[in-house]
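Structure first, commentary second.
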Amino acid sequence: MSSQENKKAIPGTIVFDGEQAMKGYALNKMCYSFNEEANREAFKVDEDAYCEKFEITDAQRAAVKKRDVLALLNLGGNIYYLAKLTGMFGLNMQDIGAQQSGVTLEEFKAKLLAAGEN
Amino acid sequence: MSSQENKKAIPGTIVFDGEQAMKGYALNKMCYSFNEEANREAFKVDEDAYCEKFEITDAQRAAVKKRDVLALLNLGGNIYYLAKLTGMFGLNMQDIGAQQSGVTLEEFKAKLLAAGEN
Amino acid sequence: MARLIGGIGSSHVPAIGNAIEQNMQSDPYWKSFFDGYVPAWKWLEERKPDVAILVYNDHGLNFFLDKMPTFAIGAAPQYLNSDEGWGLKPLPPFQGHPELSWHIIDSLVNDEFDITMCQEMQVDHGFTVPMNLMWPEQAKRDQIKVIPVCVNVVQAPFPTARRCLKLGEAIGRAVASYEEDLDVVILGTGGLSHQLDGERAGHTNREFDTEFLEKLSDEPEWLLQYSNLELAEIVGPQGVEMIMWLIMRGALNKQVTELSRNYHIPISNTAAGVILLENSA
Amino acid sequence: MARLIGGIGSSHVPAIGNAIEQNMQSDPYWKSFFDGYVPAWKWLEERKPDVAILVYNDHGLNFFLDKMPTFAIGAAPQYLNSDEGWGLKPLPPFQGHPELSWHIIDSLVNDEFDITMCQEMQVDHGFTVPMNLMWPEQAKRDQIKVIPVCVNVVQAPFPTARRCLKLGEAIGRAVASYEEDLDVVILGTGGLSHQLDGERAGHTNREFDTEFLEKLSDEPEWLLQYSNLELAEIVGPQGVEMIMWLIMRGALNKQVTELSRNYHIPISNTAAGVILLENSA
Ligand SMILES: [Fe+3]
Ligand SMILES: [Fe+3]
């Protein structure tokens, strides 16, 4: 898809294109680092210092603190790298699916089960 | 070029194809590490321990010890990575050109100057 | 000469790995999903391929945005797995077939595919879950040699469906020209419709997935009418992983026999599919 | 709209960087080499391009054999240089143009080029030496924005000459479709004939290089008759870097004006060339 085509919005969806990638590079790099256990431990010991080291923006820092996935996506986060961050907070893909779509986990699961019954 | 085509030999030349790459991966990885100054220092402090860490073969180890570029190429070394190793020994591209073609540095330089006069 | 005996399309959600790990195959949530794999298990047991080419996408383990390849192919003696920062218990290393990898890479680059060659590569759940699903016993996974083919669906622009189908065709030619006598199976993994990110998280599309499965054997070009952006809208941004199945399909003969198919919603946040295609002789 | 105003082919041997560093331009060894750049300097001073697309090859700084892309394009805000383990004094960072980088990447991937996208990238002498040569003053290098296009000539298989020419054509189309009003120059660097490794180290080939330079403007397809293995035999394994010049040429219009050309043996172990091509209006 060309950068022009990317501009066409999909409702409820943020396409992770070059524009998003430019915003989120440092944030995603931090999240990528969580593939290593030692880095996860360092983050847990001192979240602020860890974020500092990767030079993420204040807005990103605040969204990390709030575990706010939608905000992080808007600030350039990519869902696959973010999953490594939210995983540390004990949130799996269904938890963050519910969080983003603004429903409870049970409602989110029920919606998926319902899709299976059509 | 296909792997078949690669088999056709060029006199005095080793094409760095998949076959060579398989032989030389650990050796080239060690040489690549010399991009970092700390790694160059570690090598200089204890050459054997450094080679050990990268699990290069005994034959490669012996060729490193002898600074023998042709042997290293035959053992899967790639010239661009090897240049970082020989650089540590104070050998530049002209030095190793002379070494490989079996002439003195002066003769090697003279050959190149002569090519410029044709 | 090497022979491509068939292909399998399959989902690769991490939850599947957990279910296998915890032996939940007969659990009501899982039963109809795992039942769909019985024909593939029987076929693999009968045909015993020597090598599996596994077309998948990395989800942020081996590749970061500093060096994000469109198409990467492994040429390593073995491939390691890891916990990915959050998830699955790592599986033991997978055995490569670097000679065949290099043959395929040589052939593809000559065929004007701009491959990233990987002589060391960690494989994530996009690779390990299908391996675990197809060969649930470790002993079987130790026997089969693997060649990872990793496709970018993390960072747009992704390769077009058309390019993926062509890559598959080129892989088919490459395998057919390898001199050793080997039986090769190709797996295309990922999808089907799902959306992990955004307010629309949880989106699936049974109608589209069903048509995709319906067309895959005899009319794979059907998918080419959609751009990846259109596909993201229709099947969700992660549903675009279905282009991996096109690579698998492209590698097979023009004529294939569909031996089985299954479709099930939901597994975790996804619509899960499996299809087994045999190359006509 | 953006305009490709012309292209320059140039050698990029590290020794050139050292000579500039040590102000040896008038030294007898160097004089006839540097004299060949006078027309390029004048042209660049006159035309003042906003962006330089720099087609080059990495020599083991940014890429290792674990992830070796055929074609990698930078999309970073800036690009760092380093000592490469042995050599040059590093130059200050180069300023990127990530928006144009992404536009080119989007366009190329849609055009079925399988690009590796690099949002962080160290550039080595293959990049820095030509930058230093074209814009000897740091102030000028700070002004111009750069887009690195890195081509694999480290690990065979290398992209074919045909594929390189096509990549160039696709880059030309991509630049022409960028909306911002920018003047863009493209540099193809590397070569000409040289051999660093093996008993034949020091090999050059004046006759072939001369014909290559002769044909580049009006008949670049001439090089396509040779496979990369044949080229390695003719111009040395590192001489194959001349395929970078084909990418530069391919990006320009069918009709170009050759404004200058120079050829000189030896610079270090290489035959060094420079050519300046202007796009016809
Ligand atoms: Fe996936
Ligand atoms: Fe070079």
Side-chain angles (χ1 to χ4, degrees), chain A residues 1-3 5-6 8-21 24-25 28-29 31-37 39-40 69-70 73 77-88 90-94 96-103 108-109 111-118, chain C residues 13-15 18 29 32 57-66 68 82-87 122 124 126 153-158 160 193-207 227-234 236-238 240 263-272:
Chain A
M1 59 198 91
S2 79
S3 32
E5 199 199 355
N6 277 337
K8 197 199 131 201
I10 304 174
T13 308
I14 300 160
V15 172
F16 189 74
D17 59 5
E19 199 180 319
Q20 287 301 105
Y25 189 77
N28 290 315
K29 191 173 178 179
C31 294
Y32 182 70
S33 78
F34 299 137
N35 276 313
E36 303 287 336
E37 181 156 15
N39 293 332
R40 300 197 291 268
V69 176
L70 277 182
L73 289 169
N78 173 286
I79 189 68
Y80 292 128
Y81 304 116
L82 290 180
K84 297 169 199 292
L85 173 75
T86 53
M88 283 195 299
L91 303 169
N92 68 24
M93 275 296 174
Q94 296 213 306
I96 66 177
Q99 185 200 94
Q100 294 173 90
S101 53
V103 297
F108 186 74
K109 286 182 174 175
K111 179 178 104 175
L112 279 150
L113 285 166
E117 275 152 25
N118 293 332
Chain C
V13 208
N18 290 327
Y29 186 88
S32 93
N57 55 293
D58 182 79
H59 305 74
L61 175 66
N62 196 62
F63 295 106
F64 182 59
L65 303 171
D66 61 333
M68 183 57 74
S82 91
D83 72 8
E84 302 186 37
W86 48 269
Q122 282 201 308
D124 82 348
V153 288
V154 171
Q155 168 71 66
F158 308 157
T160 62
S193 62
H194 67 296
Q195 175 152 3
L196 301 175
D197 51 353
E199 290 91 340
R200 207 181 60 159
H203 171 73
T204 55
N205 189 333
R206 173 187 294 273
E207 200 185 338
S227 74
N228 284 328
L229 190 64
E230 288 167 334
L231 272 187
E233 176 149 25
I234 298 168
Q238 288 75 40
V240 183
Y263 183 71
H264 176 80
I265 298 178
I267 293 301
S268 184
N269 299 8
T270 76

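A note on names: the letters A, B, ... follow the listed sequences, proteins ahead of strands, and every chain is numbered from 1.
- Chain C forms the most heavy-atom pairs under 4.5 Å with one residue out of Tyr32(A), Phe34(A), Phe16(A), and that residue is Tyr32(A).
- Between chain A and the options Ala201(C), Gly236(C), Pro14(C), heavy-atom pairs under 4.5 Å are most frequent for Ala201(C).
- A side-chain donor from one of Gln195(C) and Thr13(A) sits under 3.5 Å from a side-chain acceptor of the other.
- Here the NZ-SG distance, from Lys84(A) to Cys31(A), works out to 9.5 Å after rounding to the nearest 0.5 Å.
- Ranked by heavy-atom pairs under 4.5 Å with chain A, the list Thr204(C), Leu61(C), Asp66(C) is led by Leu61(C).
- In this structure, chain C has a heavy atom under 4.5 Å from the side chain of Asn78(A), while its backbone stays farther away.
- Under the side chain to side chain contact (heavy atoms under 4.5 Å, CB included) criterion, His59(C) pairs with Tyr80(A), His12(C), Asn57(C), Asp124(C), His125(C), Glu241(C), not counting sequence neighbours.
- Contact tally against chain A (heavy-atom pairs below 4.5 Å) for Gln122(C), His203(C), Gln238(C): the top residue is Gln238(C).
- Put simply, CG on Asn18(C) and OG on Ser268(C) are 9.5 Å apart, with the number rounded to the nearest 0.5 Å.
- Within the 4.5 angstrom heavy-atom criterion, no atom of Asn205(C) approaches chain A.
- Proximity to chain A is limited to the backbone of Val153(C), based on heavy atoms less than 4.5 angstrom apart.
- For Arg40(A), the salt bridge (Lys or Arg N to Asp or Glu O under 4.0 Å) partners are Asp83(C), not counting sequence neighbours.
- When all heavy atoms of Leu70(A) and Gln100(A) are compared, the closest pair comes out as CD1-O, 3.5 Å.
- Neither the backbone nor the side chain of Lys109(A) has a heavy atom closer than 4.5 Å to any heavy atom of chain C.
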